[in-house]
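Whatever order the structure lists ligands and atoms in, that order sets their numbers, starting from 1.
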Amino acid sequence: MHPLIKKVLVTEEEIISRSKELGKEIKKDYENEGAPLLVALLRGSVPFLAELIKHIDMDIQYDFMDVSSYEGTESLGDIRILKDLDTSVKGLNILLVEDIVDTGQTLRTVKNLLMSKGAKSVKVVTLLDKPSRRVVDVQAEYIGFEIENEFVVGFGLDFNQLYRNLPYVGVLKDECYK
Ligand code: IMP
């Protein structure tokens, strides 16, 4: 374990096993209408996207958006589009891939944006959900793990751009925030 990690909340094995379940569920739900376009939000959702797509037994395509305005440990209300999609979403079923739904502001902004660009539907799959932090009323259709109100790192999630490569989700020691 990384020396600065206080505790592991979700292990690599648990993430793989839950991704397999989600992949099966997604395939079942989209079987009739065809595979959705997966839209992953940079940079945090990359490891989860990579794990999840292995377990969706369909011909999947994916694209990336960067909407982050996140600094330190507090989500900011003001979200900017830093990188837009290369693919047109007009008439497509979109499955947004998120690392974590916290206040829900990112999700609401991106969902609205994709709908305004003519997407047929927008659903959300997230590795983690922190429902106690929600300030806007949005909900992911597919949730890996619900967690308490704690700042977490690993499996894509960072603190000042570090710890994204940890193969598990954990909590940093208090000394990291001093
Ligand atoms: P929201 O717009 O408040 O839902 O924030 C979502 C984004 O905030 C996520 O995609 C993460 O980048 C970041 N975030 C929220 N909570 C955490 C956390 O516990 N650790 C690391 N990043 C987080």
Side-chain angles (χ1 to χ4, degrees), residues 1-12 14-15 18-19 22 37-53 62-85 94-117 119 122-178:
M1 192 165 75
H2 192 289
L4 290 175
I5 290 289
K6 181 163 74 176
K7 62 176 172 183
V8 173
L9 286 187
V10 192
T11 66
E12 184 174 18
E14 287 170 329
I15 295 172
R18 185 75 186 116
S19 298
L22 290 173
L37 172 69
L38 268 58
V39 170
L41 297 184
L42 293 171
R43 299 166 212 174
S45 66
V46 170
F48 179 49
L49 172 77
E51 186 57 48
L52 183 68
I53 53 172
Y62 55 82
D63 199 350
F64 297 97
M65 273 182 92
D66 192 356
V67 295
S68 181
S69 66
Y70 196 81
E71 281 165 27
T73 58
E74 284 298 315
S75 287
L76 304 174
D78 175 35
I79 285 156
R80 293 167 298 146
I81 308 292
L82 303 176
K83 185 216 169 285
D84 210 342
L85 295 171
I94 304 296
L95 183 58
L96 259 178
V97 183
E98 257 285 36
D99 50 359
I100 188 165
V101 184
D102 188 33
T103 64
Q105 292 179 112
T106 310
L107 204 58
R108 186 183 55 183
T109 310
V110 176
K111 266 185 109 166
N112 289 346
L113 181 80
L114 295 174
M115 289 310 288
S116 76
K117 286 187 170 190
V122 182
K123 286 189 183 177
V124 180
V125 56
T126 185
L127 174 61
L128 302 170
D129 189 18
K130 258 193 222 173
S132 61
R133 289 260 308 162
R134 205 73 94 250
V135 299
V136 294
D137 186 24
V138 283
Q139 184 60 35
E141 280 76 9
Y142 307 96
I143 297 167
F145 304 90
E146 207 174 283
I147 60 167
E148 299 296 316
N149 181 13
E150 245 179 328
F151 192 81
V152 291
V153 296
F155 222 87
L157 290 139
D158 75 302
F159 174 59
N160 291 340
Q161 298 305 330
L162 288 174
Y163 316 113
R164 291 191 195 276
N165 60 318
L166 297 179
Y168 47 82
V169 174
V171 180
L172 286 169
K173 289 181 179 165
D174 299 342
E175 66 199 63
C176 299
Y177 302 115
K178 282 175 191 152

Task: Residue portion contacting ligand 1 (non-hydrogen atoms closer than 4.0 Å) for E98 - done: side chain
TODO: Classify the contact between T106 and ligand 1 as side chain, backbone, both or neither, using a heavy-atom distance cut-off of under 4.0 Å.
DONE: both
Task: Lys/Arg-Asp/Glu bridge criterion (N-O < 4.0 Å) met for K7, E150 - done: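 E150 and K7: salt-bridged.
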Task: Electrostatic pair K117:D84 at N-O distance under 4.0 angstrom - done: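 Yes, K117 and D84 are salt-bridged.
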Would [X] count as a contact of ligand 1 if the rule is a heavy atom under 4.0 Å away?
X: R134; answer: no
X: G104; answer: yes
X: L107; answer: no
X: D99; answer: yes

Starting at [atom1] of [X], measure out to [atom2] of [Y] and round the result to the nearest 0.5 Å.
X: Q139; Y: T126; atom1: CD; atom2: OG1; result: 10.0 Å
X: L41; Y: M65; atom1: CG; atom2: CE; result: 7.0 Å
X: K111; Y: L113; atom1: NZ; atom2: CG; result: 13.0 Å

Open item on the list: As a check for students: among T103, I100, V101, identify the option with a heavy atom nearest to atom 1 (P) of ligand 1.
Closed with: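 The option holding the nearest heavy atom is T103.
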Which atoms of ligand 1 have any heavy atom of [X] under 4.0 Å away?
X: K130; answer: 16 (N), 17 (C), 18 (C), 19 (O)
X: E150; answer: 19 (O)
X: Q105; answer: 2 (O), 4 (O)
X: D158; answer: 21 (C)

TODO: Sequence neighbours left out, what passes salt bridge (Lys or Arg N to Asp or Glu O under 4.0 Å) with R108? Give chain and number order.
DONE: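 Listed in chain order: nothing, the list is empty.
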- [ ] Please check if atom CG in D137 has more than 12 non-hydrogen atoms from other residues, nucleotides or ligands closer than 6.0 Å.
- [x]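 No - once you tally the heavy atoms of other residues, nucleotides and ligands closer than 6.0 Å, there are 12 at most.
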Open item on the list: Quick check on Y62: does its OH atom have over 12 non-hydrogen neighbours (other residues, nucleotides or ligands) under 6.0 Å away?
Closed with: no
